[in-house]
Amino acid sequence: MSPTVKNQPTRRSPAPAKEVPAKEAPAQIGNAQIEDNRVLPALSAAQRKRFAKAVLSWFDDFGRKNLPWQQDASPYRVWISEIMLQQTQVTTVIPYYQRFMQSFPTVAVLAKASQDDVLDHWTGLGYYARGRNLHNSAQVIVEQYGGELPTTVDELERLPGIGRSTAGAIVSLGVGNWAPILDGNVKRVLCRHYTVDGWYGQTAVQKQLWQLSEQLTPANRAGNFNQAMMDVGATVCTRSNPNCSACPVSKTCRALARGKPTDWPHRKPSKEKPKRQCWMLVAIDKSSGEVLLEKRPQTGIWGGLWSLPQYDSVGELGDAANLLDGNVVPLEKLGPIEHTFTHFHLTIHPLIARISRQSRDAIMDTEQLVWYKHGDTPGGFAAPVAKLLDKLMQSLV
DNA sequence: AAGCCGGGGGA
DNA sequence: TCCCCAGGCTT
């Protein structure tokens with residue numbers, strides 16, 4: 001059947017046909033590799049066999065076999081489905097797939113169609129480069145392969161829009177040969193089963209997962225195995241509520257053994273939060289030690305809470321301080337204080353202005369302003385302000 | 001290595 | 001809201 005080569009090298013030859021080739025051989029030297037001392041998974045033959053057997057047996061009982069592209073599966077049908085399924089869920093894809101195959105039943109028809117016609121079938125599916133690449137690839141396939149999709153991972157990968165995983169899917173599901181895949185479902189299953197640490201977008205993690213996939217994909221029935229892995233990922237080993245009791249490999253799953261399957265895969269590190277700064281006026285009544293507070297507007301950060309008068313620049317703060325009392329300069333520094341919100345970091349620069357009794361009394365008495373004495377509870381405080389006031393009051397005592 | 005593409009759905 | 005989804009390509 002399949003000319004099965006286990007642990008097939010993942011090397012790629014330079015890609016002449018691909019218009020936008022640019023895939024370099026890794027050729028990463030020294031440092032990056034050495035720094036990464038994650039343990040490479042070396043699975044015993046028994047482990048691999050046990051895993052594949054369980055997954056294949058699960059496929060026979062529960063695997064999906066009625067998806068549109070599984071009927072009369074062919075390299076072409078699998079190709080189209082795989083492209084549509086990139087970053088797109090099955091239920092979304094199905095109607096698009098039906099319409100597409102209706103209009104473009106063969107590579108030749110697709111190649112001859114206009115790009116407008118092809119993209120029209122893609123409207124609403126997103127990632128429109130997929131449609132353009134698909135069309136371009138169809139023309140390459142007609143010109144260079146006589147209208148038949150190539151049947152090796154290496155050749156398929158040279159076509160625009162086809163990466164290693166999609167190529168592996170076409171080979172295993174469409175051609176019937178051995179090839180590993182690594183899509184989001186497989187990644188999640190493997191990350192959990194082997195408690196692979198780190199975010200799987202990282203190169204080192206990807207590499208490790210590919211090695212696992214290569215090792216686990218059995219020589220026979222690779223297509224069924226791959227389909228089953230995707231099905232397990234999509235229907236059993238789900239992101240938030242994995243149904244471990246229904247999983248064919250739960251007995252050997254390390255994440256489950258540790259009691260927390262959802263701790264893997266690790267999340268993508270959150271994007272660096274923007275940094276902002278502000279200046280806060282700490283106006284202290286020299287005679288009483290009271291501090292001027294200002295109520296924040298109802299909307300926005302710290303809405304309705306008591307805070308210190310806040311400014312976007314030190315200049316604005318200085319102006320306000322001088323308005324209170326002409327003799328406040330120089331202002332004493334007191335911070336800075338760091339505070340993190342869900343969406344940004346804030347650095348607060350508090351500056352102390354000591355106000356005379358006379359000036360203090362001249363301040364307008366409004367609902368938004370209050371002179372605060374240690375121990376008072378005018379209302380809610382913004383957390384960093386409360387901390388700052390505590391510290392300040394202690395130092396004054 | 002990080003950013004980009006995109007619309008939809010779940011938590 | 002944020003994150004993720006049968007990824008691949010560009011910078």
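Letters A, B, ... mirror the listed sequences (proteins, then strands); counts begin at 1. For the numbers below, each heavy atom of this structure counts, side chains included, while hydrogens, waters and symmetry mates do not.
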Which is true for A:Tyr97 with a 4.0 Å heavy-atom rule: it touches a base, it touches only sugar-phosphate, or it touches nothing?
nothing
Contact class for A:Ile181 (heavy atom, under 4.0 Å): base, sugar-phosphate, or nothing?
nothing
Report all interatomic pairs (protein N or O, nucleotide N or O of nucleotides 8-11 of chain B) with separations under 3.5 Å.
none

Selection residues 223-245 of chain A - residue pairs positive for side-chain hydrogen bond (donor to acceptor under 3.5 Å, both in side chains), sequence neighbours left out
A:Arg64-A:Asp231, A:Gln70-A:Gln227, A:Ser172-A:Asn226, A:Gln227-A:Asp231, A:Asn243-A:Ser245
Partners meeting side chain to side chain contact (heavy atoms under 4.5 Å, CB included) with A:Glu148 (sequence neighbours left out)
none
Go through C:dC9, B:dG7, C:dG7 for me and flag the one nearest to the A:Asn133 side chain.
C:dC9
Nearest whole angstrom, please: distance from the C1' of C:dC5 to the CD1 of A:Ile94.
15 Å
Mind checking if A:Gln227 touches a base, just sugar-phosphate, or nothing, with heavy atoms under 4.0 Å?
base
Could you check which of C:dG8, C:dC4, B:dG7 has an atom nearest any side-chain atom of A:Arg267?
C:dC4
Looking at residues at least two apart in the chain, or sitting in another chain, which of them share a salt bridge (Lys or Arg N to Asp or Glu O under 4.0 Å) with A:Lys260?
A:Asp263
A:Leu216, A:Phe59: one ILVMFWY side-chain cluster at the under-4.5 Å cut-off?
no
Hey, could you give me each pair passing side-chain hydrogen bond (donor to acceptor under 3.5 Å, both in side chains) that has a residue in residues 50-63 of chain A? Not counting sequence neighbours.
A:Asp60-A:Arg221
A:Gln47: side chain to side chain donor-acceptor pair (under 3.5 Å) partners, not counting sequence neighbours
A:Ser44
Run A:Phe51 and A:His193 through ring-ring contact (aromatic ring centres under 6.0 Å, His included) and show every step you take.
CA-CA 10 Å; A:Phe51 191 99; A:His193 194 268; 5.0 Å; yes
The criterion is side chain to side chain contact (heavy atoms under 4.5 Å, CB included); which residues satisfy it with A:Thr106, sequence neighbours excluded?
A:Ala108, A:Val109
Would you mind classifying the nucleic acid contact of A:Trp69 as base, sugar-phosphate or nothing, using non-hydrogen atoms under 4.0 angstrom?
base
Round to a whole Å and report the spacing from CG of A:Leu119 to C1' of B:dC5.
14 Å
Taking for each residue the nucleotide of DNA chain B bearing the nearest heavy atom, is the 5' side occupied by A:Arg130 or by A:Trp199?
A:Trp199
Quick check: is A:Val78 connected to A:Leu110 through a chain of hydrophobic side chains (ILVMFWY, heavy atoms under 4.5 Å apart)?
yes
CG of A:Asn136 versus P of C:dG8: gap in Å, rounded?
17 Å
Over all strands shown, is A:Arg188 touching base, sugar-phosphate only, or nothing at heavy-atom distances under 4.0 angstrom?
sugar-phosphate
Base-pairing string, 5' to 3', of DNA chain B - Watson-Crick or wobble, under 3.5 Å, | interstrand:
|||||.|||||
In chain order, what residues pass the side chain to side chain contact (heavy atoms under 4.5 Å, CB included) check against A:Thr166, with sequence neighbours excluded?
A:Glu82, A:Ile83, A:Gln86, A:Ile162, A:Ile170
Under 4.0 Å from OP1 or OP2 of C:dC5: is there any side-chain N or O of A:Tyr200 that close?
yes
Using the P atom in both, what is the distance from B:dG3 to C:dC4, to the nearest Å?
15 Å
Separation of A:Lys268 atom NZ from C:dC3 atom P, in whole Å?
8 Å
Tell me the closest heavy-atom pair linking A:Val205 and A:Asp197, and the distance in Å.
CG2-O, 3.7 Å
Rounded to whole Å, the CD-C1' distance (A:Gln86 to C:dC5) equals 12 Å
Taking only residues two or more places apart in sequence, or in another chain, which ones meet A:Glu294 in a salt bridge (Lys or Arg N to Asp or Glu O under 4.0 Å)?
none
Distance, rounded to the nearest Å, where A:Tyr127 contributes OH and C:dC4 contributes C1'
10 Å
Could you tell me the separation between the OH atom of A:Tyr96 and the P atom of B:dG7, rounded to a whole number of Å?
9 Å
Please report, to 0.1 Å, the donor-acceptor pairs under 3.5 Å made by any side chain of residues 89-97 of chain A, with sequence neighbours excluded.
from    : atom 1 : to       : atom 2 : distance (Å)
A:Tyr96 : OH     : A:Thr123 : O      : 3.1
A:Tyr96 : OH     : A:Gly124 : O      : 3.4

Without decimals, in angstroms, what is the distance between A:Leu182 CG and C:dG7 P?
10 Å
Among residues 166-174 of chain A, which ones have heavy-atom contacts with DNA chain B below 4.0 Å?
none
